[in-house]
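Structure, as structure tokens:
Everything quoted here is computed from the prediction, not taken from an experiment. Atoms within each ligand, like the ligands themselves, are counted from 1 in listed order.
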Amino acid sequence: METYTLTRTIPVDASFDIAVLGGGPGGAAAAICAGRLGAKVVLVEATGCLGGMGTAGLVSAWSDLGDGDRTIAGGIMSEILRRMHEIGGIRQEADLNAICTALHGGSGFQPEALKRLLDQMCIDAGVEIRYMTRLIDVDFDGATVNGVIVNNVEGHSYIKAKAFIDATGDAVLSDLCGVPCFEAGRDSAHIMPPTLCAALAEIDFSRWSRNTDEAVRQGIAEGFFTQNDRHVPGIFRSGKSTAIQNAGHLFEMNALNCRSLSDGYIKGRLLADEYYRFFRQAMPGCEEMVFVATASLMGIRESRRIHGEYELNYADFVARRAFPDQIAVYNKSVDIHVYDTSDEQYARYSAEFLDVDRPKRGETYGLPYGILVPKAWSNLWVAGRCNSSDAKVSAAIRDQPACYMMGQAAGTAAVQSLRTGQPACDLNTQTLIETLRTAGAYLPQESTSAKMTRSDG
Ligand SMILES: Cc1cc2nc3c(=O)[nH]c(=O)nc-3n(C[C@H](O)[C@H](O)[C@H](O)COP(=O)(O)OP(=O)(O)OC[C@H]3O[C@@H](n4cnc5c(N)ncnc54)[C@H](O)[C@@H]3O)c2cc1C
């Protein structure tokens with residue numbers, strides 16, 4: 001491969017306590033919570049809004065917020081839900097208490113309302129946002145990050161900070177730092193397929209009476225679709241007559257390969273249009289449906305995950321393991337979408353998602369602090385989808401409520417580290433749990449521990 005060596009002198013951006021890279025659920029929560037605790041925070045986001053998949057990705061639905069009896073997605077996630085309901089970002093007629101406590105329930109929401117709410121929450125917390133700014137490189141010594149190099153309309157600049165949170169979804173910062181990572185497609189036979197979601201309007205939900213999977217199976221039999229994909233993850237209602245279309249798996253698309261990602265956007269738009277035309281024709285209530293837009297951000301389910309101080313695994317999930325240092329509890333099922341259109345894949349998917357080991361009423365599993373910490377690093381955390389977990393568990397905890405909770409924990413841990421001098425890899429987790437509980441997190445473990453749970457004991 002031909003190479004070019006880049007040498008240039010670039011400006012150093014003002015010094016910050018904490019730099020958060022990526023403003024999706026993980027990054028937005030981390031930045032807001034750290035800002036509220038008094039840290040000087042900069043939030044670097046490649047797009048022009050916060051919320052990540054939930055807004056720019058049009059994945060405008062939160063799943064699994066309660067365990068059938070109580071809300072388990074506490075802290076900042078609960079606050080966002082309540083405030084979204086107040087501003088009309090969740091349907092006013094919806095029963096908020098039922099949404100928050102239902103077993104395997106959830107709620108659709110208006111992405112524009114979430115964008116504005118997260119902007120306001122950042123402003124109120126004193127967070128400096130840098131939109132349309134992309135992390136491109138890093139300066140580090142050993143296991144300490146000194147600064148990150150970003151690019152935006154002003155050119156390259158260097159952001160100096162004392163602590164760094166990688167919330168890029170793809171573990172971009174961790175990878176640049178040389179943190180060992182799992183990469184889908186490289187370290188696995190398959191990649192869970194992404195979906196390019198779309199916004200729909202003018203749906204008459206009073207006449208919506210058909211099961212989408214059943215309708216699509218009939219459409220496949222009639223030769224309507226270019227691929228025989230029997231699984232439609234969802235048409236999520238987001239307002240009176242609006243919905244988000246989560247349909248069209250991009251099989252074997254690799255989010256870590258730009259050519260593959262680019263091809264994925266092109267094919268994703270074709271598939272989204274195909275489903276839209278099909279629903280108009282085949283679903284009662286969709287005759288006047290309007291196709292508003294496809295997402296500007298690809299809906300990536302799996303790409304890169306760090307190998308952290310602890311790797312949450314399927315045995316922990318099955319055991320509903322509680323950890324003394326758990327920073328959140330959750331109960332979503334394993335949700336590994338079909339890798340191809342074979343019968344075996346659909347059978348495997350529905351068994352895992354709906355049946356085998358699906359958490360029942362009152363059951364949760366813990367997310368220990370160590371899944372947020374690259375092994376032995378002093379001032380680097382991750383938040384969100386790139387956490388340290390195996391394939392099955394990551395497919396359960398990648399959902400937005402869990403990512404907001406991870407973000408709250410990472411932001412809170414970073415502030416504790418700056419105040420006490422405790423490195424990320426040796427933080428007093430008892431103190432962290434107490435701070436998170438004070439901030440409204442639901443952490444039901446009876447005993448806590450100053451030491452984090454590590455994979456190697
Ligand atoms: C198709 C699909 C359907 C889903 N359905 C649901 C659902 O129904 N319910 C649910 O709760 N969850 C759902 N999820 C899961 C959930 O939306 C994501 O896993 C979650 O948003 C991940 O949060 P995150 O903060 O880790 O990353 P993301 O939401 O991906 O946010 C990462 C952010 O980092 C930014 N970024 C990336 N690289 C850089 C860089 N180099 N520099 C600066 N910024 C960068 C991105 O622009 C983005 O804003 C779905 C996911 C997909 C893909």
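Note on ligand 1: N246 sits in its first shell, one or more heavy atoms being nearer than 4.0 Å. Every heavy atom of L21 sits 4.0 Å or more from the atoms of ligand 1. At least one heavy atom of T133 lies less than 4.0 angstrom from ligand 1.
Residue G26 has at least one nitrogen or oxygen atom sitting less than 3.5 Å from a nitrogen or oxygen atom of ligand 1, judged on distance alone. Not a single N or O atom of W62, backbone or side chain, sits closer than 3.5 Å to an N or O atom of ligand 1.
With a 6.0 Å cutoff to the six-membered ring centre and a 45° limit on the axis angle, R320 does not count as a cation-pi contact of Y365. In this structure, R230 is not positioned above the aromatic face of Y349 in the sense of NZ or CZ being under 6.0 Å from the six-membered ring centre and within 45° of the axis.
Screening V42, I136, I159, D13 for a side chain to side chain contact (heavy atoms under 4.5 Å, CB included) involving V150 leaves a single residue, I159.
Numbered from 1 in the order shown, with element, the atoms of ligand 1 that lie under 4.0 Å from a heavy atom of T47 read 47 (O). If you number the atoms of ligand 1 from 1 as listed, the ones under 4.0 Å from a heavy atom of A167 come out as 32 (C), 33 (C), 34 (O). Every atom of ligand 1 with a heavy atom of P401 under 4.0 Å away is listed here by number and element: 11 (O).
Contacts with ligand 1 closer than 4.0 Å are made by heavy atoms of both the backbone and the side chain of P25.
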